[in-house]
Amino acid sequence: MKSVQFSVASRREGDAAIIYPKGYLNNLSGENLVIECGIYIGKGITKIVVNFSETDLINSIGISMLLQIIEDLKNIKGTICCTNMSKLLRDTFEMLGLMQHMLVFPVESDALTYLKTGKL
Amino acid sequence: MSTELKKALYNISALADLGQAITSENDFHEKIQSVLYVITGTFLANKGALLFYDKTTNKLSTLTQKGFAPADLNRLNPKELMSLGRNEPYLIGDDPVLAVAGAEILTPLWVRDEFIGALLLSGKLTVGPYTLEDLELLNVIANQIAIALNNHSLFMDLSDKLEENRKLYEEMRHIYHGTLQAFAAAIDAKDAYTKNHSHRVAKYSAAIARELGWDEHEIEGMYVAGYLHDVGKLAISNTLLNKVTPFTPEERAEIRKHSTLSHSITAKIKFPWKNVEDIVWHHHERLDGRGYPEALAQESLSDGVRILSLADSFDAMTSQRPYREKMDVQSAIGELRKNLESQFDHKVMLVFCKVLDKEIKGELPEPDILPHLDRDSDLSVISALLEGIIAELSTP
Ligand SMILES: [Fe+2]
Ligand SMILES: [Fe+2]
């Protein structure tokens, strides 16, 4: 099975953090995504946007990582927004019933607007 | 694709992920961690633990876990776990003895008569209960990780129980085959008319490969390719597959997508056999290049493809379809014969005729093809026909 080296970048915008996973979320290196979110949560951030524009493949391991982030944010009454998801990713989340546990926006700026103003 | 099918495919790829995690070259701890992630991700459980039973100390130790309180896990009594069903998921409910805060389901891991440990999972993030399918899948997964853990402990013992390891490997292959068969049954069930088609094509293909002198490993790969060749049909609508009236060009194009889909599904699975995904991809190609999806011809078609193509066509012809009656065996053989060189391979045809003829004459102890043929067939007529073709194809 081919595997693209997974990496994570991030930036802050106001009181939100935006996370950019890059590559396939299908092995242990996906833990970096959980760690990255954990760092922001540790700093008191409760709003996290995950921009999936560079991740189009996720397997059960990746789903498990995502569950962890959802759970961590739930514990602090935070918000997770997912944006720029491929159809495959959206279909998978939908089928698994994950959509109810996150806010989904077509693009990152929509999510940021929502988090800032509470409106779309 | 319906949600059920999507879920089924997700579960199947989870099994592939599990196989990948177990056989990866990571060190033991990383493997175990990946295994737990695969399981929690598959069932959407936010807590999970893998416990290992140490015979010498009679204690359970935590190999890896997330979300549970360590003290709760340490309190679990191995004796209590051993009294539960082997590799059978157990719903803890309010069982006081097995209570671990947050745990909902416990699966004791066994390899034959040996207790290996346990797998603990919380409820699902999505709140819904574990379904029957979930429990079945969990049972398959439990079997696999029990064997993986046991192999590891045997290895750690440094005892040279080579024979035992070989048996375990056999068992693991058995389970793997069981999973594939369940998979094939799901494919065949979609289409009322193709009941057992995958099973028969697997048998026929393996019989031809054996007669060609392939080794056991290669034969097994051929068998698996036979099982999975139409797996892409899982993604095609039932209404279309069971349509009685002739297909429109668009519908035909839609159905023809199945071999490419079979390829993309099998390509995700790390098989111990070479070429499975190539064989399923090209099972509708023809020697004259007029097949699909890639219109490959002649040398571009591997022996595996040539075998599967003939086995598949033979079974299709001898089975009833919504839009036509089935052919009798003689006519089907005549049809293969007529399309030699344009569609079917000369050598494969010769070998197929030889196996079938041997089976009819009772020269093979375990016939693979004969038991599936129409009971009303006149075997002496078929045998005479086969002898004629064998003689003809054997002369250069
Ligand atoms: Fe097919
Ligand atoms: Fe077929």
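The sequence lines fix the lettering, A, B, ..., with proteins before strands; numbering per chain opens at 1.
- Atom NZ of A/K74 is surrounded by more than 12 heavy atoms from other residues, nucleotides or ligands within 6.0 Å.
- Only the side chain of B/K66 comes within contact range of chain A, judged by heavy atoms closer than 4.5 Å.
- Atoms CG and OH, on A/L67 and B/Y37 in that order, are 11.0 Å from each other to the nearest 0.5 Å.
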Verdict with reasoning, B/N46 to A/I70, per side chain to side chain contact (heavy atoms under 4.5 Å, CB included): CA-CA 9 Å; B/N46 36 27; A/I70 292 175; over 6 Å; no
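- Of the two parts of A/I61, the backbone and the side chain both hold a non-hydrogen atom closer than 4.5 Å to a non-hydrogen atom of chain B.
- For the atom pair B/E30 CD and A/N27 CG, the distance stands at 10.0 Å (nearest 0.5 Å).
- Here A/Q68 contributes atom CD and B/T40 contributes atom OG1; the two are 8.5 Å apart, rounded to the nearest 0.5 Å.
- Ranked by heavy-atom pairs shorter than 4.5 Å toward chain A, the options B/T42, B/L125, B/V38 are led by B/L125.
- Contact of A/E71 with chain B is made through the side chain alone, with heavy-atom distances under 4.5 Å.
- Atoms CD and OG, on A/E31 and B/S34 in that order, are 8.0 Å from each other to the nearest 0.5 Å.
- B/T126 approaches A/H101 most closely through the heavy-atom pair CA-NE2, 3.9 Å.
- Note that the CG atom of B/L44 and the OG atom of A/S64 stand 9.0 Å from one another [nearest 0.5 Å].
- Separation of atoms CG (A/L28) and NE2 (B/H29) is listed at 9.0 Å; rounding is to 0.5 Å.
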